[in-house]
Asks: 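Next up is a structure, given as structure tokens.
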Amino acid sequence: MSVPSELKYTKDHEWIKIEGDIATVGITDFAQGELGDIVYVEVETLDETLDKEEIFGTVEAVKTVSDLFLPLSGEIIEFNSMLEDEPEKVNTDPYGEGWMIKVKISDLSEVEGLLSDADYKELIGA
């Protein structure tokens with residue numbers, strides 16, 4: 001199971017790549033493994049500004065639907081439209097082509113509350 005050290009993480013199993021005031025967000029390798037085969041990713045919050053921990057979308061697997069929680073407050077500026085036709089990218093490449101959204105961060109101080117790779121590994125028992 002992969003937990004890249006250059007990313008930040010949440011207790012809800014999202015990963016976050018910070019580049020200036022833009023965050024790319026997806027779900028972790030652990031999360032996609034727990035969900036199983038992902039068949040649909042829905043994000044209806046594009047161009048909306050949400051607070052940290054608000055639901056920004058859902059991911060549907062064969063046996064379950066899970067909410068996706070925003071790790072940082074900000075505006076959803078991009079959705080990975082590749083996932084509309086190829087939601088399985090979340091399973092096959094969760095940290096690459098399986099990314100879900102990009103967020104323009106409104107409060108950079110919230111980054112300090114995210115988990116490091118070591119903290120996340122401890123959370124999942126890796």
Side-chain angles (χ1 to χ4, degrees):
M1 175 182 349
S2 177
V3 181
S5 61
E6 70 276 10
L7 302 176
K8 296 290 189 179
Y9 300 88
T10 70
K11 62 179 175 35
D12 297 311
H13 308 288
E14 280 99 16
W15 61 263
I16 305 92
K17 180 179 182 181
I18 310 285
E19 297 172 293
D21 65 348
I22 305 298
T24 303
V25 179
I27 64 169
T28 64
D29 192 21
F30 175 83
Q32 70 79 23
E34 292 291 300
L35 288 168
D37 292 337
I38 293 171
V39 296
Y40 190 67
V41 177
E42 181 176 51
V43 174
E44 293 184 347
T45 52
L46 189 61
D47 299 323
E48 291 183 25
T49 299
L50 302 175
D51 291 330
K52 176 181 174 181
E53 298 183 359
E54 279 194 85
I55 295 170
F56 72 83
T58 57
V59 61
E60 183 177 337
V62 174
K63 297 179 182 173
T64 189
V65 176
S66 292
D67 289 331
L68 298 166
F69 298 95
L70 196 63
L72 299 163
S73 300
E75 180 184 359
I76 313 290
I77 58 170
E78 190 175 343
F79 168 65
N80 183 356
S81 58
M82 183 190 312
L83 299 181
E84 291 176 334
D85 295 322
E86 300 178 82
E88 66 276 4
K89 292 285 187 192
V90 176
N91 292 117
T92 60
D93 192 11
Y95 300 114
E97 291 184 336
W99 67 273
M100 294 181 175
I101 60 167
K102 292 192 179 187
V103 179
K104 183 166 179 42
I105 304 167
S106 58
D107 184 356
L108 284 169
S109 70
E110 291 178 351
V111 172
E112 297 303 314
L114 298 173
L115 303 175
S116 69
D117 60 314
D119 293 335
Y120 185 69
K121 285 178 184 175
E122 186 176 320
L123 176 75
I124 62 173

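Keep in mind that this is a model prediction, so the values were computed, not measured.
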Asks: L114 and W15: same hydrophobic cluster, using ILVMFWY side-chain contacts below 4.5 Å?
Replies: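 The answer is no; the residues belong to distinct hydrophobic clusters.
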Asks: Do I27 and L35 have side chains that approach each other closer than 4.5 Å (heavy atoms only, starting at C-beta)?
Replies: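 Yes, side chains in contact.
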Asks: If you measure from OG on S5 to NZ on K121, what distance do you get to the nearest 0.5 Å?
Replies: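 Going from OG on S5 over to NZ on K121, the span is 7.5 Å.
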Asks: With a 4.5 Å cut-off on side-chain heavy-atom distances among I, L, V, M, F, W and Y, is there a chain of contacts connecting F79 to I38?
Replies: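 Yes.
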Asks: With a 3.5 Å distance limit and no angle check, can you tell me whether N91 reaches the backbone of G36 through a side-chain donor-acceptor pair?
Replies: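 Yes, because the side chain of N91 sits within donor-acceptor range (under 3.5 Å) of the backbone of G36.
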Asks: So Y9 and Y95, would you call those rings parallel, tilted or perpendicular, with 30° and 60° as cut-offs?
Replies: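 Ring orientation, 0 to 90° scale: perpendicular.
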Asks: Could you give the distance from NZ (K17) to CD1 (I22), rounded to the nearest 0.5 Å?
Replies: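 Here the rounded value is 13.0 Å.
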Asks: For atom NZ of K52, decide whether the heavy atoms of other residues, nucleotides or ligands shown that lie under 6.0 angstrom number more than 12.
Replies: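 Result for NZ/K52: enclosed.
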Asks: On a heavy-atom basis, which atom in D29 and which in S2 lie closest, and how many Å separate them?
Replies: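 So the minimum-distance heavy-atom pair works out to OD2-N, 3.0 Å.
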Asks: Any donor and acceptor pair, going by atom type alone, linking the side chain of T45 with main-chain N or O of E48 inside 3.5 Å?
Replies: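 Flag not set: sc T45 to bb E48 has no pair under 3.5 Å.
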Asks: Hey, are the side chains of E122 and L115 touching, using non-hydrogen atoms and a 4.5 Å cut-off?
Replies: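 No, too far: nothing below the 4.5 Å cut-off.
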Asks: State the CD-OG1 distance between E53 and T10, to the nearest 0.5 angstrom.
Replies: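 These two atoms lie 8.5 Å from each other.
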Asks: What's the separation between atom CD in E60 and atom CG in D37, rounded to the nearest 0.5 Å?
Replies: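 Spacing of CD (E60) from CG (D37) equals 12.5 Å.
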Asks: Is any side-chain heavy atom of D107 closer than 4.5 Å to one of L72?
Replies: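 Side chain of L72 against side chain of D107, heavy atoms only: no contact under 4.5 Å found.
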Asks: Is there a donor-acceptor pair under 3.5 Å between the side chain of E14 and the backbone N or O of F69?
Replies: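 The answer is yes, because a donor-acceptor pair under 3.5 Å joins these two groups.
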Asks: I'd like to check V111 versus I16 (side-chain heavy atoms, cut-off strictly below 4.5 Å). Are they in contact?
Replies: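 No - every pair of side-chain heavy atoms lies 4.5 Å or more apart.
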Asks: Can you list the residues that meet the side-chain hydrogen bond (donor to acceptor under 3.5 Å, both in side chains) rule with D51, with sequence neighbours excluded?
Replies: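 With sequence neighbours excluded, D51 shows a side-chain hydrogen bond (donor to acceptor under 3.5 Å, both in side chains) to no residue whatsoever.
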Asks: Please report the C-alpha distance between T92 and E97 in whole Å, then the side-chain angles of each, then the deciding distance to 0.1 Å, and finally whether the side chain to side chain contact (heavy atoms under 4.5 Å, CB included) criterion is met.
Replies: CA-CA 9 Å; T92 60; E97 291 184 336; over 6 Å; no
Asks: To the nearest 0.5 Å, what is the distance between NZ on K89 and CE on M82?
Replies: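 With rounding to 0.5 Å, NZ (K89) is 6.0 Å from CE (M82).
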Asks: Determine whether Y40 and V65 make a side-chain contact, defined as any pair of heavy atoms from C-beta on separated by less than 4.5 Å.
Replies: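 The answer is no, as the side chains (C-beta and beyond) never meet within the 4.5 Å cut-off.
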Asks: Please answer: with hydrophobic residues joined when any side-chain heavy atoms are less than 4.5 Å apart, are L46 and V25 in the same cluster?
Replies: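 Yes, same cluster.
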Asks: Starting from V103, can I reach L50 by hopping between I/L/V/M/F/W/Y residues whose side chains sit under 4.5 Å apart?
Replies: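 As far as the 4.5 Å side-chain criterion goes, V103 and L50 are connected within one cluster.
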Asks: Determine the sole option in N80, V41, L70 for which the side-chain contact (heavy atoms from CB on, under 4.5 Å) test with I101 is passed.
Replies: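 Checked N80, V41, L70 against I101; only one passes side-chain contact (heavy atoms from CB on, under 4.5 Å): L70.
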Asks: Can you tell me how far NE2 of H13 sits from CG of L123, rounded to the nearest 0.5 angstrom?
Replies: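 It comes to 5.5 Å.
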Asks: Is the backbone of L83 close enough, under 3.5 Å, to the side chain of E86 for a donor and an acceptor to pair up by distance?
Replies: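 Not confirmed, E86 side chain does not pair with L83 backbone.
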Asks: What about I76 and W99, same hydrophobic cluster or not, with Ile/Leu/Val/Met/Phe/Trp/Tyr joined at side-chain heavy-atom distances under 4.5 Å?
Replies: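 Different clusters: I76 never reaches W99 through Ile, Leu, Val, Met, Phe, Trp or Tyr contacts under 4.5 Å.
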Asks: Got a sec: does the CD of E6 have more than 12 other heavy atoms crowding it under 6.0 Å?
Replies: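 For E6, atom CD is crowded (more than 12 foreign heavy atoms under 6.0 Å).
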